[in-house]
Amino acid sequence: MSNVIILGAQWGDEGKGKIVDLFCERFDIVARYQGGHNAGHTVQIGDKKFVLKLIPSGILHPGKRAVIGNGLVVDPAALLAEMQSLEAVGVDVKTQLAISNRAHVLFPYHRTMERLLDAIGTTLRGIGPCYEDKAGRRGIRMADLLDRERFGALFEARAAEKETVAKAFGIAQELDLARIRADYEGFADRIRPMVSDTARLLNDAIRAGKSVMFEGAQGTMLDLDHGTFPFVTSSSASAGGACTGTGVPPTRIHAIVGVAKAYTTRVGGGPFPSEALDAMGDQIRQRGNEFGSVTGRPRRCGWFDIPLARYSGMLNGIDSMVVTKLDVLDELEKIPVCVAYRTGRHEVTEMPATIAGLEAAEAVYECLPGWRSSTAGISRYEDLPQRAKDYLTFLENRTGIEAGCISTGPERNQTIVRQGSRFHQIFP
Ligand code: IMP
C-alpha cells in the first residue's frame, strides 16, 4: 500500500474531509501536517455531522492511528475540547492519537496579538502569531510544555515580551499570564500520554510496510510561499508541507490527490479573479451552503479557475483531481469557467505573483451549457447527464489533470470513482 497526500487545490474548503474519511479505511495512519484549529473538516456519517479542526478525521475509524505532525500549531484547549467531543461518541482518542513532540503550542496571547495586528481577515485563532514565534525561534513546543521546569523558564521569557507589546497597545489587563501558565501546566498533564516523536513513529511504520494518508488543511492558494501572499495562511498547505510537517521524506510519498470544487470559493480577504459578485454567486452560496465551518463567515463564491488549477497541479504534482459539489451547479443554465486572465491587452494563463497583478487580472470566461437536472447522489459516471460529463471533460482538458473522482453530495455513497483512472489505481 502506498503513502498518499490529499490536499486542497484551491483556497480551502474543497471537501477534503469527506474524501479523507472515505478512503482512509485503506490506510493504517492518517497524518495532518500543517495548520491548526483554523481548519474545519466536516465529515457526515449517517445523520451525524462531525467538524474536526485539529485531529485528523481518520480518527473516526476504529483502530486507525491519527497523527498531529510537527508542522502544526496546537491550541491545547481546542485539542482537549475536540478530544472530549470524540470520546463522547465512543472514539478511543487516547489510543489512536499521536501528537508530535515538535509541534508548536498556541497560547491565548497569540490570539490577542492577532486581534491587534490582523490585516488580511484571518480566522483569529492565533495561528499566524504562533507560526511567527516558531519562525522567530521564540516558540514553545510540545516537548517543552511537558517539561514543567523548562516550560516555566520559556514561558516567563515569552510572557515578558508579550506583556511589553500588550502594554504598548494599552491592553495589558487582558493578558492574565499567571492564569495562562497554570492552565497550560494542567493541559500538559492531560496531553502527555499522546505526545511522542511522530516522525520516528511514521518512518518506522512505513518501514514496517504500513501506509500513511497525509491530510492537508486549507488549500494550495493559501500556502505561505505559493499562495496569494499576503492573503494566505502561515503554513505550507501544498504537497511539500507534508514532508516538512511530518518528517517523512519525499521519497516515501507515492501519490498526490488534489481536491477541487466544481466552482471556487474563498474565505477572508484577497484577490479572487473568478469571483461571482452577482445573483449567481449568491445562488451558489445558498445551494452549496458556503458558510465557514469554523467561523460561520459567508464564503465568497465564483467560477472554476483553470489557471489556478493548473498552477496548483504543477506545484503539487497532482496525479488525480477529486471534483466536489458538482450537484451545486445542477440548476444553472450556463456555467462560466475562467480560462485565462486579461491584463490590459494581454491574456495570460500563469498565476501573477503579486496582489497588484492578481487584482488587475480580469477573468476571461468560456461558458458551458448547464445540464439542468439533478446529479445529487449519483455514484456511477455513466449516470451523469452528458453535459455534466462534458463539463468535467472540459476541466480535465484545460487543466491537464484527470477528474478521477467526483463527489455528488455529502454522504459517503454520493461519490463516483472512475474506473480505469489514476485515482482508481491509487485507491483500488
Ligand atoms: P489564518 O489561517 O487564520 O491565519 O487565516 C489566513 C487566511 O486563510 C484567511 O483568509 C482565512 O480565511 C483563510 N483560512 C484559514 N483556514 C481556512 C480554511 O480551513 N478554509 C478556508 N480558508 C481558510
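Atoms within a ligand are numbered from 1 in the order they appear, just like the ligands themselves. Quick caveat: nothing in here was measured; it's all calculated off a predicted structure. Quick note: residue numbers are just sequence positions, from 1.
- Shortest contact from atom 13 (C) of ligand 1 to any protein heavy atom: Leu222 CD1, 3.9 Å.
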In sequence, state the C-alpha distance, the side-chain angles, and the governing distance for Asn70 and His104, and then conclude on side-chain hydrogen bond (donor to acceptor under 3.5 Å, both in side chains). CA-CA 7 Å; Asn70 55 275; His104 278 248; over 6 Å; no
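- On a distance-only criterion, Ala39 and ligand 1 share no N/O pair closer than 3.5 Å.
- Pro352 and Gly357 make their closest contact through CB-C, 3.7 Å (heavy atoms, listed as atom of the first residue, atom of the second, distance).
- When every heavy atom of Asp327 is checked against every heavy atom of Gly409, the shortest pair comes out as OD1-N, 3.8 Å.
- Against a heavy-atom cut-off of under 4.0 Å, Trp11 is close to the following atoms of ligand 1: 21 (C), 22 (N).
- Atom 21 (C) of ligand 1 has Asp13 OD2, 3.0 Å as its closest protein atom, hydrogens excluded (heavy atom only).
- For atom 10 (O) of ligand 1, the nearest protein heavy atom (residue, atom name, distance) is Val267 O, 3.1 Å.
- Protein heavy atom in closest approach to atom 3 (O) of ligand 1: Thr123 OG1, 2.5 Å.
- For atom 9 (C) of ligand 1, the choice among Ala237, Gly121, Gly126 with the nearest heavy atom turns out to be Gly121.
- Atom 2 (O) of ligand 1 has its closest protein heavy atom at Thr233 OG1, 2.6 Å.
- Taking each heavy atom of Thr349 and Ala340 in turn, the nearest pair found is CG2-CB, 4.0 Å.
- Here Asp133 pairs with Lys162 in a salt bridge; the nearest charged N to carboxylate O distance falls below 4.0 Å.
- Closest protein heavy atom to atom 7 (C) of ligand 1: Val232 O, 3.8 Å.
- Among pairs with a residue in residues 212-223, those fulfilling side chain to side chain donor-acceptor pair (under 3.5 Å) read Gln34-Gln218, Asn38-Gln218, His41-Glu215, Ser57-Glu215, Thr220-Ser312, Thr220-Asn316, Asp223-Ser238, at least two apart in sequence or across chains.
- Residue contacts with ligand 1 include Gln218, since one of its heavy atoms falls under 4.0 Å from the ligand.
- Here's the thing with Arg297: one of its N/O atoms is less than 3.5 angstrom from an N/O atom of ligand 1.
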Under the ring-ring contact (aromatic ring centres under 6.0 Å, His included) rule, what do Phe23 and Phe423 come out as? Steps first, then yes or no, please. CA-CA 11 Å; Phe23 294 101; Phe423 190 90; 5.2 Å; yes
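- How far CG of Leu384 is from CG of Leu392: 6.5 Å, rounded to the nearest 0.5 Å.
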